[in-house]
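Below: one structure, written as structure tokens.
This one's a predicted model, so the numbers in the text were calculated from it and none came from an experiment. Worth knowing before you read on, the calculation uses all heavy atoms, side chains too, and leaves out hydrogens, waters and symmetry mates. In what follows, chains carry the letters A, B, and so on, assigned in the order in which the sequence lines appear, proteins first and then strands, with residues in each chain numbered from 1.
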2 protein chains.
Amino acid sequence: MSDAGIDSSQPNGRHEEAALSAPSPSRRTDPDARRSDDVVRNLLRRIREGSLRTGDKLPNERDLATEFGVSRPVIREAISHLTGRGVVSPRGGSGSTVTAVAPERAQEALVLYLRDNRLDYRSIHEVRELIESHAAGVAAVRASPADVEALQQSMRTLRESPGHLAAAADADVAFHSIITRITGNEVIELILSSLHTSLVTVRRHNLALPSAYKEAVRSHQAILDAIVEGDETGARVAMSAHLSAVFQYWQETNQPEVP
Amino acid sequence: MSDAGIDSSQPNGRHEEAALSAPSPSRRTDPDARRSDDVVRNLLRRIREGSLRTGDKLPNERDLATEFGVSRPVIREAISHLTGRGVVSPRGGSGSTVTAVAPERAQEALVLYLRDNRLDYRSIHEVRELIESHAAGVAAVRASPADVEALQQSMRTLRESPGHLAAAADADVAFHSIITRITGNEVIELILSSLHTSLVTVRRHNLALPSAYKEAVRSHQAILDAIVEGDETGARVAMSAHLSAVFQYWQETNQPEVP
DNA sequence: GCCGCAATATTGGTCTTACCGCTTTGAGCT
DNA sequence: AGCTCAAAGCGGTAAGACCAATATTGCGGC
């Protein structure tokens with residue numbers, strides 16, 4: 001890792017180094033090498049290594065500009081880049097501060113990745129079934145009365161809204177989200193919510209099928225029953241069966257198109 | 001969703017607005033509302049809704065500037081932001097193009113999220129054991145001779161480098177990565193590589209302990225044996241035991257500090 | 001002496017202009 | 001027709017200036 005740009009050499013004026021036999025490393029040669037990238041790397045390194053910690057203020061843009069020997073626009077560009085990544089957040093008037101990456105940011109990145117790379121549903125399904133079945137099992141052990149009530153509420157909504165696609169989809173998502181939340185594991189929550197977002201198409205498609213809709217109601221009830229009884233294995237198996245059924249329905253009734 | 005800024009009003013030159021009685025919707029009022037944010041939102045919407053698809057070129061910066069009624073720096077800032085998110089990549093000389101979000105980007109976001117939110121190892125471990133045990137089972141069924149050879153190679157390296165922390169850690173990572181790759185599931189690969197990155201501290205800490213190091217060698221061998229024999233359940237169980245042991249070692253010998 | 005408020009300094013946000021170097025393209029030459 | 005090379009197009013960078021909001025300071029009143 002070169003990590004160039006940390007030294008404050010190259011004060012400002014571009015150096016001339018006349019006729020370096022090499023491919024002339026002077027000025028700019030590679031169009032994909034922006035000056036701001038050096039700044040980005042450097043700041044990220046400072047953050048990673050702790051000299052800039054979450055909550056700290058970055059030096060002001062003008063100082064950074066002189067420090068790196070570049071102009072302010074370059075610094076601003078670097079900060080914009082970092083803002084896009086969610087690691088700093090500038091505030092007009094006061095400085096820019098290093099912030100913790102929000103879960104939404106990570107989730108969004110995951111969703112976009114899944115979307116852009118058109119991953120086959122099989123891969124997503126494999127992970128989802130694995131994690132969510134586990135979550136159901138944990139929920140069976142840990143669910144509080146309030147949790148159970150919330151689950152029952154979403155069941156009622158789901159049951160009472162056949163034909164109401166939007167409502168049914170919401171109730172479906174709610175049911176699964178509640179179970180996820182019961183685990184109290186943020187990593188699980190993050191991953192599953194990302195997968196759920198990516199599967200919105202699948203969900204809508206399936207719930208529009210009467211048979212799949214009925215299956216969903218039946219399966220959700222089975223899962224809920226197992227959770228109420230504290231039957232860890234039962235909940236896990238029921239969830240697994242449910243998700244497999246969802247996958248099945250999608251595959252049988254759908255064009256090879258992907259979520 | 002306001003989505004302001006799409007109209008090309010406010011042509012360019014700063015208007016004088018002599019004593020506008022109204023709350024003066026002109027200029028800027030909120031320091032956290034950058035003009036570039038409007039552009040970002042708008043472009044993201046175009047991408048999401050398909051009017052800008054992956055691989056397409058963005059209009060050039062000057063045109064965007066006049067279209068949005070802002071100056072070029074604002075457009076550049078918006079593009080920097082999107083570049084940070086990994087959804088566009090500008091190329092000097094030619095225009096900026098919409099790109100697919102790279103897995104590394106999603107992985108990085110996950111890693112930073114895990115790091116910044118100081119999630120307890122327990123949550124990470126729970127997910128890791130779940131997924132990686134599954135992966136080991138799949139690997140037992142699918143591993144090709146080349147895969148097995150690669151695994152044996154990493155075993156040899158691990159075994160031959162006691163005291164060589166860096167080498168041992170690399171071999172450890174390699175072993176787990178190979179198993180992950182055998183699943184052929186990109187989602188699994190993404191998640192586990194993120195978790196592995198987050199656990200670099202744990203890995204280093206543990207491998208420095210002679211007992212944990214020996215355990216690692218033993219467990220890896222057991223996992224490999226099960227994979228070679230095509231014993232799905234055996235591989236899963238062995239992996240699960242191994243990861244639990246790792247977790248155990250960490251908890252017993254470590255300050256409450258988190259990865 | 002302490003507190004509140006106004007003047008001021010600081011800082012990010014935006015605009016403008018200008019120039020550089022790479023990429024692309026197309027016209028002219030071979 | 002194919003090739004070459006110059007012009008046009010485009011992003012990258014610089015420098016200077018001004019605005020609005022925040023943060024700071026210091027003065028005056030209580």
In whole angstroms, the gap separating C1' of D/dG16 from CZ of A/Arg62 amounts to 11 Å
Among the nucleotides D/dG11, C/dC15, D/dT13, whichever has the atom closest to the side chain of B/Val74 is C/dC15
Measure from NZ on B/Lys57 to P on D/dC10 and round the result to the nearest Å.
-> 10 Å
side-chain hydrogen bond (donor to acceptor under 3.5 Å, both in side chains) with A/Asn185: which residues, sequence neighbours excluded?
-> B/Glu126
Parallel, tilted or perpendicular for B/Phe247 and B/His125, by the 30°/60° rule?
-> parallel
Pick from A/Arg46, A/Arg41, A/Arg48: which one makes a side chain to side chain contact (heavy atoms under 4.5 Å, CB included) with A/Leu44?
-> A/Arg48
Does the ring center of B/His176 lie less than 6.0 Å from the ring center of B/His196?
-> yes
What nitrogen or oxygen pairs link the protein and nucleotides 7-9 of chain D at under 3.5 Å?
{"residue": "D/dG9", "atom": "N2", "partner": "B/Gly93", "partner atom": "O", "Å": "3.2"}

Side chains of B/Tyr121 and B/Gln251, donor plus acceptor under 3.5 Å = no
Is there a donor and acceptor pair closer than 3.5 Å between the side chain of A/Arg91 and the base of C/dG13?
-> no
Spatial distance of atom CZ (A/Arg203) from atom CG (A/Leu165) [nearest 0.5 Å] = 11.0 Å
Taking only the side-chain heavy atoms of A/Pro90 (C-beta and beyond), determine which of C/dT14, C/dG13, D/dA15 contains the nearest atom.
-> C/dG13
How close or far is atom C1' of C/dG13 from atom CD1 of A/Ile79, stated in whole angstroms?
-> 12 Å
Nucleotide nearest B/Arg76 (side chain, heavy atoms from C-beta), chosen from D/dT13, C/dG12, D/dA14 | D/dT13
Between A/Phe68 (CZ) and D/dA14 (P), how many Å, whole number?
-> 13 Å
Starting at atom CD of A/Glu77, determine the distance to atom P of D/dG11, rounded to an integer number of angstrom.
-> 12 Å
Rounded to whole angstrom units, what separation is found between the NE2 atom of A/His81 and the P atom of D/dT13?
-> 13 Å
Say whether B/Ser193 and B/Gln107, considering side chains only, have a donor N or O and an acceptor N or O under 3.5 Å apart.
-> yes
From CD1 of B/Ile75 across to C1' of D/dG11 the rounded distance in Å is 13 Å
Between P of C/dC15 and CZ of B/Arg72, the distance in whole Å | 13 Å
